[in-house]
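Written below as structure tokens is the structure these notes are about.
Source: prediction; values computed, not measured.
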Amino acid sequence: MEPRLSTRLLTLQRILSESPRLIVAFSGGVDSTTLLKVATDHLGADRVLAVTSRSESLAAREVKECVRLAAVIGVPLRFVNTRELDLPQYRKNDANRCYFCKYTLFATLLRTARELGYDRVVFGAIRDDYADIRPGLLAARELAVGAPLAEAGFSKAEVRALARHYQLPNAEKPASACLASRIPTGTPVSAAVLSQVERAEEDLWQRGFGRVRVRHHGEIARIEVDPEEFPRIVADAAGISARLREVGYRFVTLDLVGYQTGGRAGSGSPRQEALDGHPVP
């Protein structure tokens, strides 16, 4: 391990040591997985609990991945349902949707911590996340939810390097985001639309596409993949179009710019989508 990374890790361990018993908000992304691994190794599995919000905005595939990763790390995993779709402010899907999602998530985790006797709730925000306006970070700050990776100064590249050091299976996993991030700002979020997006993306995952988004525009599905994947999309256009029509889209399009995070879907800035992932990065 190179010296700077080793120093960051020692700082992270010192921060984690301040909490006798800890809840880690766990999404299955590389940031929260790395945080969970370090916390478990440093504090012990009997002092750490991974908690994941299982709701309509988290794809079933991601739920299974959380279960798998928690088992690899050897830490207990608990599911909660934050029921953000019950919130009119969330369903409205304006620029503050992520704030209401994260506030509800963190408030639920804090209640869980009190009920189970844990001292602190933390999540996987990193230093890079604070370079932009993030509604989710505001919710964390208001509720005093910790961000040990950011406090220790970890960048995304350093988190991935640490994940590789620990041989975590998702060290190279692309940044992901909740299904609601596929819906343009101002278009209401509903369970039906989230399910439609999930089924469309699952079909593309099953066809072997790695980084993929299906952006929802009413009757139109706008597929985003890396440009080098365009020939495969075109070659399988008939099958893909047929399946996406089955899930409810009338028109199926390919975005010629290719895969991008965040802003072009109308969910906020490209940087914001990294925190829109549910429950946390």
Side-chain angles (χ1 to χ4, degrees), residues 1-19 21-45 47-52 62 65-66 69-70 72-75 98 102 105-106 109 118-178 261-262 269-281:
M1 187 183 301
E2 64 101 9
R4 178 179 293 183
L5 190 61
S6 179
T7 300
R8 294 240 193 274
L9 177 58
L10 289 172
T11 302
L12 175 60
Q13 291 170 335
R14 176 183 56 77
I15 293 169
L16 293 170
S17 295
E18 297 170 359
S19 304
R21 301 189 77 216
L22 195 67
I23 281 181
V24 177
F26 184 50
S27 70
V30 64
D31 298 332
S32 65
T33 303
T34 304
L35 176 60
L36 184 62
K37 171 63 175 175
V38 175
T40 302
D41 281 7
H42 188 62
L43 299 177
R47 296 171 57 189
V48 178
L49 177 66
V51 180
T52 298
E62 297 293 344
E65 182 69 355
C66 287
L69 290 167
V72 167
I73 293 171
V75 65
C98 186
K102 291 298 180 292
L105 169 69
F106 293 142
L109 297 190
Y118 286 84
D119 304 284
R120 194 183 187 202
V121 173
V122 298
F123 76 127
I126 58 174
R127 183 183 69 199
D128 305 23
D129 295 332
Y130 291 81
D132 201 355
I133 297 172
R134 296 293 190 88
L137 293 179
L138 175 60
R141 188 161 54 246
E142 289 177 350
L143 293 174
V145 170
L149 289 171
E151 292 174 45
F154 276 90
S155 67
K156 174 64 77 173
E158 289 167 336
V159 169
R160 290 199 186 279
L162 189 59
R164 288 191 291 269
H165 170 77
Y166 284 116
Q167 298 183 335
L168 293 175
N170 63 344
E172 306 304 330
K173 181 180 179 179
S176 187
C178 75
T261 56
S269 71
R271 294 190 59 80
Q272 181 177 322
E273 189 186 73
L275 201 66
D276 278 349
H278 189 83
V280 288

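For the pair F106 and G136, the tightest heavy-atom approach, listed with the atom from each and the gap, is CE1-O, 4.0 Å. Nearest heavy-atom pair across L22 and A39 is CD2-CB, 4.1 Å. Of all the heavy atoms in A161 and L5, the pair that sits closest is CB-CD2, 3.9 Å. R160 approaches A175 most closely through the heavy-atom pair NH2-N, 4.1 Å. In terms of heavy atoms, V30 sits closest to K156 at CG1-NZ, 3.7 Å. What you find for G28 and N170 is that their closest heavy atoms are O-ND2, 3.0 Å.
Residues V38 and L162 form a side-chain contact, since some pair of their non-hydrogen atoms from C-beta on lies under 4.5 Å apart. V145 is not listed as a side-chain neighbour of L109, based on a closest heavy-atom distance of 4.5 Å or more. At least one side-chain heavy atom of Y166 sits less than 4.5 Å from a side-chain heavy atom of D41. In this structure, the side chains of V24 and T40 stay at 4.5 Å or more apart for every pair of heavy atoms. Within the 4.5 Å cutoff, the side chain of L9 has heavy atoms near those of the Q13 side chain. Side-chain contact between H42 and S17 is present, with heavy atoms from C-beta onward closer than 4.5 Å. In this structure, the side chains of L35 and D31 stay at 4.5 Å or more apart for every pair of heavy atoms.
For the atom pair L49 CG and R21 CZ, the distance stands at 8.0 Å (nearest 0.5 Å). For the atom pair CG of L137 and NZ of K102, the computed distance is 9.5 Å after rounding to the nearest 0.5 Å. Rounding to the nearest 0.5 Å places CG of L16 at 8.0 Å from CZ of R120. Distance CD/E151 to CZ/R14: 8.5 Å, rounded to 0.5 Å. Atoms CZ and OG, on R4 and S155 in that order, are 8.5 Å from each other to the nearest 0.5 Å. Remark: I15 CD1 to L10 CG distance equals 11.0 Å, nearest 0.5 Å.
By the 6.0 Å and 45° rule, R127 does not stack over the aromatic ring of F154.
Under 4.0 Å is where a charged nitrogen must lie from a carboxylate oxygen, and between E2 and R164 no such pair does.
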If you apply the rule side-chain contact (heavy atoms from CB on, under 4.5 Å), what do you find for F26 with V75, and how did you get there? CA-CA 11 Å; F26 184 50; V75 65; over 6 Å; no
Open item on the list: Is there a side-chain contact (heavy atoms from CB on, under 4.5 Å) between T33 and I73? Walk through the geometry before answering.
Closed with: CA-CA 9 Å; T33 303; I73 293 171; 3.9 Å; yes
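Side-chain atoms of S6 do not come within 3.5 Å of backbone N or O of M1 as any donor-acceptor pair.
Other residues, nucleotides and ligands place no more than 12 heavy atoms under 6.0 Å from the CD atom of Q167.
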